[in-house]
Q: 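Starting off with a structure, shown below.
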Amino acid sequence: MKQSLNPRDSGKYIAENTKYVQIQHKEIPKAALRLKEVMGRNKYSIKKWKEWPLHPKAMNDDTLHWILTVDTLNFSFWLPRNEPQFQVEYKGKTYEDYEALCACVNRAVEEGILITTASYNKEISLETVNQVFRSSNGTTLPMLKQRWENLRQVGLVLCEKFNGNFANVIKEAGEDVEKLIELVTTNFSCFNDVGCFEGQPVQFQKRVQILIADIWACFEATGHGRFRNIHHLTMFPDYRVPQALLSLGVVTYTDEFMKRVQSEKLLPHGEREEMEIRGCSIHAIELLREHLNKSLMGVENEEPILNSVLIDFYLWDFATENASDLGSFPEHRTRSIYY
């Protein structure tokens, strides 16, 4: 059997063998210039992570397990456009999507539910998970059963193999991002985001890379967040960044496939077209990163100023600032624990 490609090489391989999605290389310099404008307005540093009001501020094991819990559950929030979205009211504010998830976890901790503790989660009931993720508008968080299963799996494996402490997983990785990805994905299958494209095993590993990036940012590259090769992470391939890449002209779909995506019909996880979107997104961000670092920043060393994580963050900002212009560029609809 062929050896599985890492996410960066998977993106390149898929992008070179597509039928429905194409990277428009000639648009890379123009898109890079637009991103540089966003960078001029939004100065990123890893300290920005803790500026989010729902994120914890302390750099300790409790925060580490908060991040692990949230990223164990951080997937597939979307509901059909014509239906009410999942909303949570917390401390006088209403939140949706990822922010609603954070609000639910914080609310549960304040209510005495040990949702960030491995020994508790390995036996947590579906009833308790329903209580934790109760909405304020009568909606139900999608894939609630799968979130419950993820919590139980992570709690059980942590207790059986790592003495209930994710810090032991990080310690075993020895500050190596690639080793940590391997440890997490081989021990916790709910993080193992892989596929097979034209007979070649490929990896996307969105959520484990978000997990590592969150730890890196929260701990400000110190302690649990000290990694000697953080630049090995790629972007996080899901819905919104592909939409931004479409709007920038960096990625295009065939006419027939564009109509299918615009119809908002479900695009099954693991289908060729869905993998092409994710693979091309990874490779497009790598091309943008290289252009920004070499052509715009004048940096050609091994460890660039801008890594793919920061480019992903910038694209989120770009998509938010230009939301009114993105209406004609659809997000594909895939229901998966790996998004």
Side-chain angles (χ1 to χ4, degrees), residues 49-50 52-58 60-160 162-167 169 184 187-191 206-208 210-211 214-215 218 238-239 269 334-339:
W49 191 91
K50 285 188 284 196
W52 281 50
L54 296 174
H55 283 171
K57 314 306 178 193
N60 55 30
D61 280 8
D62 288 342
T63 293
L64 180 66
H65 289 102
W66 185 96
I67 294 171
L68 175 64
T69 300
V70 166
D71 287 335
T72 296
L73 303 166
N74 182 12
F75 55 86
S76 199
F77 300 105
W78 64 270
L79 288 166
R81 202 176 302 277
N82 59 347
E83 294 182 11
Q85 300 302 297
F86 178 76
Q87 294 182 341
V88 174
E89 186 174 332
Y90 176 68
K91 294 187 175 180
K93 292 185 178 181
T94 300
Y95 298 98
E96 292 183 359
D97 299 337
Y98 171 76
E99 289 185 328
L101 171 67
C102 295
C104 287
V105 171
N106 290 347
R107 181 179 63 187
V109 171
E110 291 165 6
E111 292 173 348
I113 299 172
L114 304 179
I115 191 76
T116 62
T117 304
S119 58
Y120 182 86
N121 285 339
K122 71 177 184 178
E123 297 178 350
I124 195 170
S125 68
L126 183 56
E127 181 182 8
T128 298
V129 171
N130 271 293
Q131 171 67 11
V132 168
F133 294 103
R134 64 189 185 275
S135 71
S136 57
N137 63 342
T139 56
T140 300
L141 185 60
M143 303 188 80
L144 202 61
K145 185 173 184 290
Q146 288 87 344
R147 295 177 208 272
W148 169 59
E149 292 169 345
N150 282 11
L151 278 176
R152 288 175 65 97
Q153 179 193 113
V154 171
L156 180 63
V157 172
L158 271 183
C159 288
E160 288 186 344
F162 301 99
N163 199 30
N165 192 341
F166 193 67
V169 183
V184 172
N187 285 286
F188 308 94
S189 62
C190 65
F191 278 96
K206 180 221 170 183
R207 285 181 33 246
V208 65
I210 285 184
L211 171 64
D214 283 347
I215 294 168
C218 175
D238 56 8
Y239 316 101
H269 177 252
T334 298
R335 186 68 78 192
S336 168
I337 70 169
Y338 299 118
Y339 273 54

Q: Say whether, by atom type as modelled, one donor and one acceptor occur between the side chain of R134 and the main chain of Q131 under 3.5 angstrom.
A: yes
Q: Give a yes or no answer on whether the side chain of E110 reaches the backbone of V105 with a donor-acceptor pair at less than 3.5 Å.
A: no
Q: Given side chains that start at C-beta, do those of L158 and F188 come closer than 4.5 Å, heavy atoms only?
A: yes
Q: Report yes if some heavy atom in the side chain of H65 is under 4.5 Å from a heavy atom in the side chain of N165; otherwise report no.
A: yes
Q: When rounded to the nearest 0.5 angstrom, what distance separates CG in D61 from OG1 in T116?
A: 11.0 Å
Q: Tell me, with the steps shown, if E99 and Y90 meet side-chain contact (heavy atoms from CB on, under 4.5 Å).
A: CA-CA 10 Å; E99 289 185 328; Y90 176 68; over 6 Å; no
Q: Whether the side chain of R107 engages the backbone of K91 through a donor-acceptor N/O pair (distance < 3.5 Å, no angle test) should be reported.
A: no
Q: Please report the C-alpha distance between T69 and T72 in whole Å, then the side-chain angles of each, then the deciding distance to 0.1 Å, and finally whether the side-chain contact (heavy atoms from CB on, under 4.5 Å) criterion is met.
A: CA-CA 5 Å; T69 300; T72 296; 5.6 Å; no
Q: Answer yes or no: is there a donor N or O on one side and an acceptor on the other, between the side chain of Q153 and the main chain of S189, under 3.5 Å?
A: yes
Q: Set out, in order, the CA-CA distance, both residues' side-chain angles and the distance that settles side-chain contact (heavy atoms from CB on, under 4.5 Å) for V154 and F166, then state yes or no.
A: CA-CA 10 Å; V154 171; F166 193 67; over 6 Å; no
Q: My understanding is that only residues two or more places apart in sequence, or in another chain, count here; which of them pass side chain to side chain contact (heavy atoms under 4.5 Å, CB included) with T117?
A: L114, S119, Y120
Q: Are the side chains of I215 and W49 in touch, meaning some heavy atoms are under 4.5 Å apart?
A: no
Q: Using modelled atom types only, decide if a donor and an acceptor are shared between the side chain of R207 and the backbone of L73 within a distance under 3.5 Å.
A: no
Q: Keeping N60 on the side-chain end and D62 on the backbone end, is there a donor-acceptor pair under 3.5 Å?
A: yes
Q: Compare all side-chain heavy atoms of D238 with those of F75 and state whether any distance is below 4.5 angstrom.
A: no
Q: Not counting sequence neighbours, which residues clear ring-ring contact (aromatic ring centres under 6.0 Å, His included) with Y339? List them please.
A: Y239, H332
Q: For the atom pair CG (L68) and CG (D214), what is the distance rounded to the nearest 0.5 Å?
A: 11.0 Å
Q: Is the backbone N or O of I337 less than 3.5 Å from a side-chain atom of Q146, with the two atoms forming a donor-acceptor pair by type?
A: no
Q: For the atom pair CG (N121) and CD1 (I113), what is the distance rounded to the nearest 0.5 Å?
A: 10.5 Å
Q: Could you tell me the separation between the CG atom of L144 and the OG atom of S76, rounded to the nearest 0.5 Å?
A: 12.0 Å
Q: If you measure from CG on L151 to CG on L126, what distance do you get to the nearest 0.5 Å?
A: 10.5 Å
Q: Name all residues meeting the side chain to side chain contact (heavy atoms under 4.5 Å, CB included) criterion together with S125; count only those two or more places apart in sequence or in a different chain, and write none if there are none.
A: E127, T128
Q: Does a side-chain heavy-atom distance below 4.5 Å link L79 with P142?
A: yes
Q: Checking Q87 now: which residues fulfil side chain to side chain contact (heavy atoms under 4.5 Å, CB included) with it, not counting sequence neighbours?
A: T94, E96, S136, N137
Q: What pairs with W66 under ring-ring contact (aromatic ring centres under 6.0 Å, His included), at least two apart in sequence or on another chain?
A: H55
Q: For the side chain of E83 and the backbone of R81, is there at least one donor-acceptor N/O pair under 3.5 Å apart?
A: no
Q: Counting C-beta onward and ignoring hydrogens, is there a side-chain heavy-atom pair between N187 and F162 closer than 4.5 Å?
A: yes
Q: Please step through side-chain contact (heavy atoms from CB on, under 4.5 Å) for the pair L101 and F86, ending with a clear verdict.
A: CA-CA 10 Å; L101 171 67; F86 178 76; over 6 Å; no
Q: Quick one: closest heavy-atom pair of L141 and F77, and the distance?
A: CD1-CD2, 3.7 Å
Q: Could you tell me whether the side chain of L211 reaches within less than 4.5 Å of the side chain of N74, counting heavy atoms only?
A: no
Q: With a cut-off of 6.0 Å (strictly less than), are more than 12 heavy atoms of other residues, nucleotides or ligands near NZ of K57?
A: yes
Q: Could you tell me whether the side chain of R335 and the main chain of M143 form a donor-acceptor pair under 3.5 Å?
A: no
Q: Quick one: CG on L54 to OH on Y98, what's the gap to the nearest 0.5 Å?
A: 8.5 Å
Q: Taking ring-ring contact (aromatic ring centres under 6.0 Å, His included) as the test, write out the residues that go with Y338, two or more places apart.
A: H269
